[in-house]
Every structure is written in C-alpha cells, then in structure tokens.
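One structure is given here, and the rest of the page talks about it.
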Amino acid sequence: MHHDPLLFWREEFPILDTCTYLVSHSLGAMPRRAATYLQQFADEWSSRGVRAWNEGWWDVGRTTGDLLAPILGVATGSISMHQNVTVAQAIIASCHRFDGPRNRIVMTDLEFPSNMYLFEGFRQYGAEVIYVKSPDAVQSDMDGLLDAIDERTALVPLSYVLFKSAFIQDAAAVIEKAHSVGARVVLDVYQAAGTVPLEIERLRADFAVGGSVKWLCGGPGAGYLYVRPDLAPQLQPGIVGWAAHADPFAFAGGAIDYAGAPERFQSGTPNVPSLFSARAGYEIVARIGVPAIREKSLRLTRRLMDLASEAGFRVNTPQADEERGGAVIIDVPDGKRVADELIRREVIVDYRPGAGIRMAPHFYNTGDEIDHAMSELREIARTAP
Ligand SMILES: Cc1ncc(COP(=O)(O)O)c(C=O)c1O
C-alpha cells in the first residue's frame, strides 16, 4: 500500500486503537486536543472566574465561527454559534413572516426530520409547508423541487448532502431558482462540512447551518449559522436575546437595538465549554484541508461500494463521485440485526430504517479497516439469525 500521510493523525484519536471506527457521519472520533481545550476552559473558570468573560469567553462564538469560515468557504465574521441546527433554523425562520402571500416553506421529503418538525411548527404563524415527493430513499426529485419553488416561497431548506443516502444535491440550481423568484435557501451542510469541500459564499446561499458532531470531530453543542453578509443587516430575528444587542452591557430595556452580524443572530450567553472542545476538530480538519480529506474519502467509499457489490449487496448511495458524500449505505436483509452484530464485533457503524447500514471512512481510517468491516459484514449477513 502506498504511503498515506493522513494516517499521521491516527495517534491523535484514541478510539481508533480500540475498534474499527466507521461512523464519522454520526459522531466523529474525539481528538486528544479536545480534552486539552476542555481542561483549559476549566482552568480559566477556576482561576480567572468572572474575568474570563473579557478574556475570550464573551467573544467565543465569533472566534469559533472564524475557525470554521475557511472550511465552509465563507468570510470571517459571518458565522454565529448555537446549541444545534434546530435552534439555528428557528432563528432563521424567526427573521421571516408567514402571514402574507409569501408563506411557503418548500423542501423534499428526504430532509432531516428535525428540519421538518421545526418548520411544521411555523404553521401556527401562517406557514404552509410543501414536501416534494422523492422517487426513492436515495435521490430527491430535483426537477420537482425546482418546479415547486415560486413567488409564494419564502424559504427552501436544502441538505447539501442527504443524511440517508449521502446523495449530493444540486445546491447551485436550487439557489438560482429560488433567487429568481425572491425566495431564500437555507443550506444544511451538516453531512458535508469536513468531508466535502464547500464554497458557500460563492454559491450565494442565503443561510447555511450545520453542527460539529460528525465530520468536524467537534462534539455536541456547537451548531453554526452562516448568513449572507449583504443580507444579514436587513434581518431582524424574532428569537433574540441580550447577546444580540449592539451594547449588551448597557442592559437597556424595551425593544432590542440589534448588533451587526454575526452577533445579531446570537441569543443569550454562549455555550463556552462546547465551543472550546469543538476547536480541536476544526483545527485538524482545516490543517489537513477538506480537498485532501475528500480525495481519500472518495477512494475509500469506492472500495466499500465495490466490496459491497461483489458480495451481492444493494448499495443505496450514488455511484458517481460528484454525487456522493462521505458515507456509504449498504442494504442487507435484516439490516438492524446485522448492524448490531457488527457493533458487537467492534466494527462501529449505524443503521437507518428504509436505507440500510451506514458506513463512513474519514481521514483517519485505513483501507485495511474497510476490508475488515466488509469481511465481517459478509460473514454476519451469510448467517441467519
Ligand atoms: C443533515 C442533518 N441536519 C440536521 C441534523 C440534526 O441537527 P441538530 O441535532 O444539530 O439539530 C442532522 C443530524 O443528525 C443531520 O444529519
């Protein structure tokens, strides 16, 4: 096997010594440095107390967002940090009104469920939620989605990479159509960031959201919200708190005087420990560079798909490189049982109903791990329960 410089990073991820870790589409491995940063947070809390707010804690949302900016392909100062994607989506929704003729939220039926739950909740404010039916669980009906976006559309939530199939959707086409009729696109890049190169600003996405537990290896509690810099000053989020005030420490009463971006999209006190721990993963991903991660990911996902096809399994992931994100979904009979048995054998994967077993190599995985996982999968699938 040729020398793979990315394997240098294995040592930084302790879990790789204990199992075959192929689940970075769900929870990326923890970098050692995350523990160092958490300790730093604890030390600052312990030794600096309230003074820590002025020594980095208060601005931690902005500084953390700036670390993410090159990974997402956006300018510094355009990202605010939130508890999770759901909260970020709620803040975006609260910048819009749904009681007029432009009250539609249009998406495919393959979006992540919490995106649906959240926007469904805005029906009570007049929103109409339209789902474009997909032909199967792998690919959405892009033409149907483009047709459904019209002058009545306010928002189009769109996963850059679908969570169930790793299918890469044509974000450029959706954004172009949306803008031609005055609608805005909320790109959910959770399943892309850290494994598929992103140029969100060049795409002219109005908003982008995502979190850090997956390919960014950043752990929970570090969701991000990007707002197009020229759009941000026009928006007035209804879900807002004192950290979004132009002068929060004036403690002025009454209506808010919004800060500039990205702070105007913040709510209250930032989630300091989560943002400290998330930094480690961002730094490593940015240092390696997503194009190098992508090149390896395509090579290893191809190997997974070839081995799965050889074994006669159905692959629910696009074959074409340009349509495939970082995970491979393999549909085997009795998939839930097979996934459970793989995990019992220390091959860590997951299972999604209607799709199959999801497996995902990241920059720290080896070709041997792929071969081992597939040989275990074949053996388990061959044995009846
Ligand atoms: C594409 C996508 N969007 C959103 C989410 C959920 O985001 P959160 O839990 O941060 O609200 C997931 C999570 O698993 C996801 O895969």
Side-chain angles (χ1 to χ4, degrees), residues 23-28 61 64-65 68 71-72 79-94 105 107-122 131 134 137-140 145 155-171 174 185-196 198 200 205 207-226 239 265 267 270-271 274-275 277-278 281-282 316-318 323-329 348-360 362:
V23 74
S24 302
H25 56 276
S26 174
L27 184 71
T64 307
L68 272 172
I71 297 172
L72 303 188
I79 297 175
S80 54
M81 301 301 296
H82 304 276
Q83 165 72 20
N84 53 41
V85 168
T86 313
V87 169
Q89 298 267 36
I91 292 167
I92 296 167
S94 83
I105 297 165
M107 66 180 104
T108 80
D109 60 0
L110 295 180
E111 284 303 312
F112 191 82
S114 74
N115 293 350
M116 300 178 183
Y117 305 155
L118 186 272
F119 290 111
E120 284 282 335
F122 278 77
Y131 299 107
S134 304
V138 178
Q139 209 155 322
S140 52
L145 178 64
L155 290 173
V156 183
L158 182 79
S159 287
Y160 195 91
V161 174
L162 291 173
F163 81 103
K164 254 192 195 180
S165 62
F167 179 71
I168 298 182
Q169 307 210 83
D170 188 350
V174 175
V185 174
V186 189
L187 207 54
D188 178 344
V189 297
Y190 212 150
Q191 280 296 352
T195 189
V196 178
L198 288 169
I200 291 174
F207 305 95
V209 294
S212 302
V213 304
K214 307 174 195 292
W215 310 99
L216 292 170
C217 302
Y224 43 86
L225 165 58
Y226 159 82
I239 296 178
F265 300 104
S267 49
N271 191 358
S274 286
L275 301 187
S277 58
Y282 303 166
N316 278 339
T317 299
E323 290 184 347
R324 185 170 80 252
V328 171
I329 292 81
I348 314 300
V349 299
D350 67 9
Y351 172 79
R352 287 292 174 269
I357 296 173
R358 295 194 304 176
M359 287 193 189
H362 207 2

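Order of listing sets the numbers, starting from 1, for every ligand and every atom in it. In what follows, every heavy atom counts, from backbone to side chain, and hydrogens, waters and symmetry copies are set aside. It should be emphasised that the depicted structure is a prediction, and the values quoted were computed from it without experimental measurement.
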Exercise. Take every heavy atom of Gln83, measure it against each atom of ligand 1, and state whether any distance is under 4.0 Å.
Key: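 Outside the 4.0 Å threshold, so no.
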Exercise. Decide side-chain contact (heavy atoms from CB on, under 4.5 Å) for Arg358 and Tyr351; before the verdict, give the C-alpha distance in whole Å, the side-chain angles of both, and the deciding distance to 0.1 Å.
Key: CA-CA 6 Å; Arg358 295 194 304 176; Tyr351 172 79; over 6 Å; no
Exercise. Among Arg324, His25, Gln191, find the residue that satisfies the side-chain contact (heavy atoms from CB on, under 4.5 Å) test when tested with Val161.
Key: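 So, applying the side-chain contact (heavy atoms from CB on, under 4.5 Å) to Val161 and each of Arg324, His25, Gln191, only Gln191 qualifies.
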Quiz item: Tell me: protein heavy atom nearest atom 14 (O) of ligand 1, and distance?
Solution: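 In this structure, atom 14 (O) of ligand 1 has Lys214 NZ, 2.6 Å as its nearest protein heavy atom.
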Quiz item: Which residue supplies the protein heavy atom nearest to atom 15 (C) of ligand 1, what is that atom called, and how far is it?
Solution: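 For atom 15 (C) of ligand 1, the nearest protein heavy atom comes out as Phe112 CD1, 3.5 Å.
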Ligand-residue contact atoms, ligand 1 with [X], heavy atoms, under 4.0 Å:
| X | value |
| --- | --- |
| Thr86 | 11 (O) |
| Phe163 | 16 (O) |
| Gln191 | 16 (O) |
| Asn84 | 8 (P), 10 (O), 11 (O) |

Practice problem: Decide whether an N or O pair under 3.5 Å exists between Val85 and ligand 1. | Solution: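 There is such a contact, yes.
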Quiz item: Any N or O on Ser159 sitting closer than 3.5 Å to an N or O of ligand 1?
Solution: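 No: no nitrogen or oxygen of Ser159 is under 3.5 Å from one in ligand 1.
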Quiz prompt | Residues Leu155, Val186; criterion side-chain contact (heavy atoms from CB on, under 4.5 Å); working and verdict | solution = CA-CA 7 Å; Leu155 290 173; Val186 189; 4.0 Å; yes
Quiz item: Given the rule in the side-chain contact (heavy atoms from CB on, under 4.5 Å) test, do Tyr160 and Ile168 qualify, once you have shown the distances and angles that lead to the verdict?
Solution: CA-CA 6 Å; Tyr160 195 91; Ile168 298 182; 4.0 Å; yes
For a 4.5 angstrom cut-off between non-hydrogen side-chain atoms, does [X] reach [Y]?
| X | Y | answer |
| --- | --- | --- |
| Ile79 | Leu225 | no |
| Phe167 | Ile329 | no |
| Thr64 | Tyr282 | yes |

Quiz item: Which residue from Asn115, Asp188, Val161 reaches closest to atom 1 (C) of ligand 1 through any of its heavy atoms?
Solution: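 It is Asp188 whose heavy atom sits nearest to atom 1 (C) of ligand 1.
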